[in-house]
Amino acid sequence: MVSGLINANPIVYEKKERRVRNEAAVPDEYAVEPIDQLEIFDHIRDIKDPEHPYSLEELKVITEDAIEVDNERSYVRVTFTPTVEHCSMATVIGLCLRVKLMRSLPSRYKMDIRVAPGTHATEAAVNKQLNDKERVAAALENPNLLDMVDECLAPSYA
């Protein structure tokens, strides 16, 4: 994690109980299965914050309500809320969300990762960075940044 904390005392919330998914048997194994808000949330809820030993769910950086899915257009939007307005880790958090979804969802899905309106001092710049393919690709070529992202995405067995 990072030294010199931006938000030394974040508010930690209780995790929501995981809901059991009712998966109906699909007669055609090649049929396109729809993805819903809960499935996206389950993919990203355990991502660790780059500064703290808590998940993004525990810090309420992400919530189930801040996820939009349009299966017909193969579109997913995740809106996240940094813990402080001047969070220097907002871009890293957004990059973690994008990488996790890139690794988890079928490639047909277009992802839009955004900072919640009015929750970050440089919201427009962060949103532009997170949704520019070339900038994301360049960021993932940086071995230090990729190590940080992988550390945040690593499963915790606590």
Side-chain angles (χ1 to χ4, degrees), residues 1-19 21 35-69 74-158:
M1 299 294 144
V2 176
S3 61
L5 299 177
I6 304 297
N7 183 5
N9 296 310
I11 298 170
V12 180
Y13 300 87
E14 198 167 315
K15 283 183 148 188
K16 290 173 81 175
E17 191 173 315
R18 292 193 188 266
R19 290 181 275 171
R21 301 181 62 79
I35 293 174
D36 63 6
Q37 196 178 27
L38 177 58
E39 184 172 350
I40 300 295
F41 185 67
D42 281 343
H43 282 302
I44 62 177
R45 70 190 301 178
D46 294 322
I47 295 173
K48 290 188 276 306
D49 183 84
E51 281 192 313
H52 301 286
Y54 303 111
S55 71
L56 297 184
E57 178 188 17
E58 288 172 306
L59 296 174
K60 281 219 174 153
V61 171
I62 57 149
T63 62
E64 195 175 332
D65 295 336
I67 299 168
E68 299 171 41
V69 179
S74 296
Y75 176 80
V76 172
R77 172 182 273 184
V78 176
T79 304
F80 69 97
T81 305
T83 57
V84 291
E85 189 177 297
H86 53 279
C87 178
S88 64
M89 293 287 135
T91 308
V92 175
I93 291 169
L95 190 60
C96 290
L97 291 167
R98 178 170 291 285
V99 169
K100 179 64 176 181
L101 292 176
M102 284 170 47
R103 292 176 181 175
S104 304
L105 297 180
S107 59
R108 71 178 183 273
Y109 279 88
K110 180 191 182 318
M111 288 164 277
D112 188 13
I113 310 295
R114 302 210 160 266
V115 174
T119 63
H120 196 272
T122 60
E123 169 190 336
V126 171
N127 287 342
K128 185 174 181 177
Q129 262 189 309
L130 293 175
N131 293 295
D132 182 313
K133 286 181 185 178
E134 287 78 21
R135 290 181 190 203
V136 169
L140 295 176
E141 287 178 7
N142 178 328
N144 296 326
L145 194 51
L146 188 56
D147 285 346
M148 184 183 286
V149 168
D150 285 339
E151 189 176 321
C152 291
L153 298 182
S156 67
Y157 300 104

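Scope of the values below: all heavy atoms of this structure, side chains included, with no hydrogens, waters or symmetry mates.
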Quiz item: Is Asp46 reaching over with its side chain to a backbone N or O of Ser55, donor-acceptor style, under 3.5 angstrom?
Solution: no
Self-check item: Side-chain heavy-atom pair Ile35, Tyr109 within 4.5 angstrom cut-off
Solution: yes
Quiz item: Hey, what do you get for CG (Asp112) to CG (Leu130), rounding to the nearest 0.5 Å?
Solution: 9.5 Å
Quiz prompt | Minimum-distance pair of heavy atoms, taken over all atoms of Met148 and Met89 | solution = SD-SD, 4.5 Å
Quiz item: For Thr79 and Ala116, which heavy atoms make the closest approach, and how far apart are they?
Solution: CG2-CA, 3.4 Å
Self-check item: Reported OG1-to-CD distance for the pair Thr119 and Glu85, which is rounded to 0.5 angstrom
Solution: 8.0 Å
Quiz item: Got a second to check how far Leu97's CG is from Leu153's CG, nearest 0.5 Å?
Solution: 8.5 Å
Self-check item: Separation of Ile40 CD1 from Leu105 CG (nearest 0.5 Å)
Solution: 4.0 Å
Practice problem: Would you indicate whether the side-chain heavy atoms of Val115 and Phe80 approach each other to under 4.5 Å? | Solution: yes
Self-check item: Atom pair CG/CG of Asp150 and Leu140 - distance to nearest 0.5 Å
Solution: 9.0 Å
Exercise. Identify the two heavy atoms, one from Pro50 and one from Ile93, that lie closest to each other, and give their separation to 0.1 Å.
Key: CD-CG1, 3.7 Å
Quiz item: Quick one: does Arg98's side chain have a donor or acceptor within less than 3.5 Å of a partner on Met111's backbone?
Solution: yes
Exercise. Search all heavy atoms of Pro117 against all heavy atoms of Glu123 and return the closest pair with its distance.
Key: CA-OE2, 3.4 Å
Quiz item: Is the number of heavy atoms from other residues, nucleotides or ligands within 6.0 Å of NZ (Lys128) greater than 12?
Solution: no
Quiz item: Under 3.5 Å, is there a donor-acceptor pair between the side chain of His120 and the main chain of Cys87?
Solution: yes
Self-check item: Note, Thr83 side chain near His52 side chain (heavy atom, < 4.5 Å)
Solution: no
Exercise. Hey, could you give me the CG/CG distance between Asn142 and Asp147, rounded to the nearest 0.5 Å?
Key: 9.0 Å
Quiz item: Is there a donor-acceptor contact under 3.5 Å from the side chain of Gln37 to the main chain of Glu64?
Solution: yes
Quiz prompt | Heavy-atom pair with the smallest gap, counting every atom of Leu101 and Ile44 | solution = CD2-CG2, 3.8 Å
Quiz item: Do you know which two heavy atoms are closest between Asp49 and Cys152, and how far apart they sit?
Solution: C-SG, 4.3 Å
Quiz item: Pick from Ile47, Leu95, Val78: which one makes a side-chain contact (heavy atoms from CB on, under 4.5 Å) with Lys100?
Solution: Ile47
